[in-house]
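Worksheet: the structure to be examined is printed underneath.
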Amino acid sequence: MKFIVLLFAVILVSGPGIAQNQKSDTLFFVNPYLQIGSNPTAESLTLLWQTTVQNAVWTVEHRTGTNDKWMKTETPAGTKINITGNAVHTVYRAALTGLVPGSRFIYRVLANGKQVFTSEAHAPRRSNQPFRFIAFGDIGAGTPEAKQIANAVYTVQADLIVVPGDIVYDNGLISEYRSRFWPIYNASKVDTIGVPLMSSIPFAGAVGNHDADSRDLDKAPGALAYFHYWDQPLNGPIGKEGGAFVPLLKGSDENKRAFMEGAGYRYPRMTNFSFNYGNAHFTFLDADTYVDWTDSALTAWVTKDLADAKDAAWRFVVYHHPGFNSSREHFEQQQMRLLAPVFEAGKVDIVFNGHVHNYQRSFPMQFAPDKKGVLLVGGKENKIVRGRVVTGKWILDKTFDGKTNTNPHGVIYVVTGAGGQDLYNPEQQNDPDSWQKFTNKFISTVHTFTVVDIDGKKLTLRQQDAAGKTLDEIHIAR
Ligand SMILES: [Fe+2]
């Protein structure tokens, strides 16, 4: 599964708006990177790149075999990002369509007719093909540990990478993407700073609190950069500002207008969405504390989304705040427990969360909140339903060990938030008495990431550290 960036750039380009002898290092504000796209299929991916260069004529081509004819995409669409305090740049998007599912392909980007970037990648897998995805959250801190984990992820390789939130710290800003995200995950080559992951592997991301909480565009005009830079399905519920799951956007009309010009139709919808990959269905949700998960429109969408995916061999849900968390840190942020009955009815296999900077795997479980929509604090009803304790009753499947018994009863909840930020509660790893009863595995002394291999109705989940050591492993067979 090793992809190689074939050639990067020292090709000179010339033409209107591009200086002679300009290297692609300066041509690209951000190198080309792959995403699932707004309308994902097994035959398509979306390629994005960013540039400060004006007036270049961009073309994207791809082909499956080295002797095949290059297929030209539709004209790439550019969206200008002109936000106070940031260099004016344009985000280009080109849909790579007509891919052969499951096949490796080559793409190239041309500026004014000259090739300036090329890479290999995989088209999404067919439903009958094995595939690998990696999940790791809380990745955007720019720490040495984030770089080590990025390097390990690059070494392992995958078909798809899912990020359960906190893509960039601290406030989801354009400037933070520039310093803490692109150089690490979308480098030109493997170096001491980063790896060229995103040019060959599509990332899919859920918003975390550090991506989406900051919404005052006067204080931080570059906030909510997620909506500028990601390209994901827009099949979730349509929220209204000030409603149950979209907070008010604050700021001057001018700053709001500048934000909306960059974010376009992706704001505010691109926070809850789903797509199929291989034989699996992925549902991404916004678990931030501003969301009211007692909202019937929101839960109805999740219920229907999972029901519609009943033919998928696997159903995974990805969001930031874990409902089931044994760490002392963030322990009371249990709002997502309310969704447990919905996940159980929808036959979800595994939920992937971040927010808590360590690794935790639950027993397969069923959970019934004490009273739907009402959270209890100190035994009293609390109408403030967000970010609070949710009590209830568990049924834990302790017979499942992922080795001899590979048939879990219930949903397995995985916290994989050890992607680079400071680790939480290392003192709890060897203190199982401090774990909640639903927790089966707890690793909090080392940064890790999750590798999931799917082969038909068999699944292997491994938690690995930066050195490639497997610290936890389970198998599921259907
Ligand atoms: Fe977080």
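Start at 1 and go down the list; that is how both ligands and their atoms are numbered.
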Open item on the list: Can you confirm whether the side chains of Asn358 and Ser327 place a donor and an acceptor under 3.5 Å from each other?
Closed with: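 Yes, side-chain donor-acceptor contact under 3.5 Å.
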
TODO: Just grab all the salt bridge (Lys or Arg N to Asp or Glu O under 4.0 Å) pairs involving residues 229-247, residues at least two apart or on different chains.
DONE: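 The answer is Arg93-Asp231.
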
Task: Cationic tip of Arg178 above Phe29 ring, under 6.0 Å, 45° of axis - done: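 Output yes; distance and angle both within limits.
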
Task: Asp472 side chain near Tyr359 side chain, heavy-atom distance below 4.5 Å - done: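 Asp472 vs Tyr359: side chains touch.
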
Task: Non-hydrogen side-chain atoms of Tyr33 and Trp182 separated by less than 4.5 Å - done: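 Contact flag for Tyr33/Trp182 side chains = yes.
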
Open item on the list: Tell me if the aromatic rings of Phe245 and Trp293 count as close, with their centers under 6.0 Å from one another.
Closed with: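 Not close enough - the centres of the two rings lie 6.0 Å or further apart.
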
Open item on the list: Distances under 2.8 Å only: what protein N/O/S atoms are near the Fe ion (ligand 1), ordered by chain and residue?
Closed with: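 You should have found Asp166 OD2, Asn209 OD1, His320 NE2, His355 ND1.
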
